[in-house]
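To keep things clear, I will list the structure first and then write my remarks on it.
Note on naming: letters A, B, ... go to the chains in the order of the sequence lines (proteins, then strands), and numbering restarts at 1 for each one. Keep in mind the model is a prediction, meaning the values are calculated, not measured.
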Amino acid sequence: MVAMFFPSTNLHSWPTTAAEAIELQQEFRHRVKIENDFGELKTVAGIDVSYDIKADTSRAVIVLMKLDRLEPLQTIVTDAPTTFPYIPGLLSFREIPVILQALGHLATKPDLLMVDGQGIAHPRRLGIAAHLGVLVDMPSIGVAKSRLTGTYKEPGPATGDQSPLMDKGERIGTVLRSKPKTNVLFISPGHRMDIATATQLTLQCLRGYRLPEPTRIADKISKQRERRQQTLL
DNA sequence: GCGACAG
DNA sequence: ATCTTGTCGC
């Protein structure tokens, strides 16, 4: 039995072209809710996607953990053919299919999703974290390692130092120094959450590294698997 | 027309 | 993201 926690996630009319994808974003951007709408948050699922260029496949890694312990409870790894090219601003159309496949294998439904990429800090306010959050109707946060859009002042050097990420006169996220002497992170809410809460939760998931634990562990597992496969070739 | 551009 | 070894800095 698969996908029992995510009943309404059919990808029948998934876009094939950039034009169709942008059209869908214009429609979905209005379904994003940037207000806290959730109960007690006990667990979080870190999500990361990697690629196998030669096999033309995408791999989603999901790490489920308790928010207070930040230690893996379950890890899911699934592969699927890569069906959409990487186009800045259209990342969700490339990665969401395999992510949904992985989510379907979780033993328990997470209370929160933390995705490697932008939330509303996107040209059309529908980065991958926001898009995914709307599709599965769950609270989500986007944690990106670099900027897609928006302007900001460089945050101070200490952990926790931050500055607002602005675009077209509105605040779309937080630029955060998650660790001294490392590049900043770009935090933005994905769905059912406000900017301050997304930032606070990200800080709560830090454990001395630049990336918050959910995303950091998912990324680590993603790379371990790749090395194992490569050494077998 | 010229830069910018998540992963 | 991925291709790739050693190397500078804390």
Original post:
Is the shortest side-chain N/O distance from K145(A) to OP1 or OP2 of dA6(B) below 4.0 Å?
Top reply: no

Rounded to whole angstrom units, what separation is found between the [atom1] atom of [X] and the [atom2] atom of [N]?
{"X": "R59(A)", "N": "dT2(C)", "atom1": "CZ", "atom2": "C1'", "result": "14 Å"}
{"X": "I99(A)", "N": "dA1(C)", "atom1": "CD1", "atom2": "C1'", "result": "13 Å"}
{"X": "Y51(A)", "N": "dG7(B)", "atom1": "OH", "atom2": "P", "result": "10 Å"}
{"X": "R94(A)", "N": "dA1(C)", "atom1": "CZ", "atom2": "P", "result": "12 Å"}
{"X": "I120(A)", "N": "dA6(B)", "atom1": "CD1", "atom2": "C1'", "result": "15 Å"}
{"X": "K54(A)", "N": "dC3(C)", "atom1": "NZ", "atom2": "P", "result": "10 Å"}
{"X": "F93(A)", "N": "dA6(B)", "atom1": "CZ", "atom2": "P", "result": "16 Å"}
{"X": "I96(A)", "N": "dA6(B)", "atom1": "CD1", "atom2": "C1'", "result": "13 Å"}

Filtered N/O pairs between nucleotides 4-10 of chain C and protein, under 3.5 Å:
none

Original post:
Do D37(A) and R192(A) sit within salt-bridge range, that is, some charged N less than 4.0 Å from a carboxylate O?
Top reply: yes

Subject >> Residues K42(A) and D111(A) bridged, charged N to O under 4.0 Å >> reply: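 Salt bridge flag = no for D111(A) with K42(A).
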
Subject >> Criterion side-chain hydrogen bond (donor to acceptor under 3.5 Å, both in side chains) against Q25(A), the qualifying member of H131(A), R125(A), R124(A) >> reply: R124(A)

Subject >> Test of ring centre spacing under 6.0 Å for Y152(A) and F186(A) >> reply: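 Between F186(A) and Y152(A), which both carry aromatic rings, the centre distance is below 6.0 Å.
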
Going from [atom1] on [X] to [atom2] on [Y], what distance comes out if it is rounded to the nearest 0.5 angstrom?
{"X": "L135(A)", "Y": "L103(A)", "atom1": "CG", "atom2": "CG", "result": "10.5 Å"}
{"X": "L132(A)", "Y": "E95(A)", "atom1": "CG", "atom2": "CD", "result": "10.5 Å"}
{"X": "L113(A)", "Y": "M193(A)", "atom1": "CG", "atom2": "CE", "result": "9.5 Å"}

Original post:
In terms of hydrophobic clustering (I, L, V, M, F, W, Y; side-chain heavy atoms under 4.5 Å; direct or indirect links), are I217(A) and I141(A) co-clustered?
Top reply: yes

**OP:** Can you establish whether the number of heavy atoms outside Y209(A) located under 6.0 Å from its atom OH is more than 12?
**Re:**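 No, OH of Y209(A) has 12 or fewer neighbouring heavy atoms, counting only those of other groups under 6.0 Å.
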
**OP:** For G142(A), answer base if it contacts any base atom (sugar-phosphate contacts may also be present), sugar-phosphate if it contacts only those atoms, and nothing otherwise; contact means non-hydrogen atoms under 4.0 Å.
**Re:** nothing

**OP:** Mind checking L185(A) for me? I need base, sugar-phosphate or nothing, with any heavy atom below 4.0 Å counting as a touch.
**Re:** nothing

Restricting both atoms to N or O, compile the protein contacts to nucleotides 2-5 of chain B shorter than 3.5 Å, with distance only.
| residue | atom | partner | partner atom | Å |
| --- | --- | --- | --- | --- |
| dA4(B) | O3' | R147(A) | NH2 | 3.4 |
| dC5(B) | OP1 | R147(A) | NH2 | 2.8 |

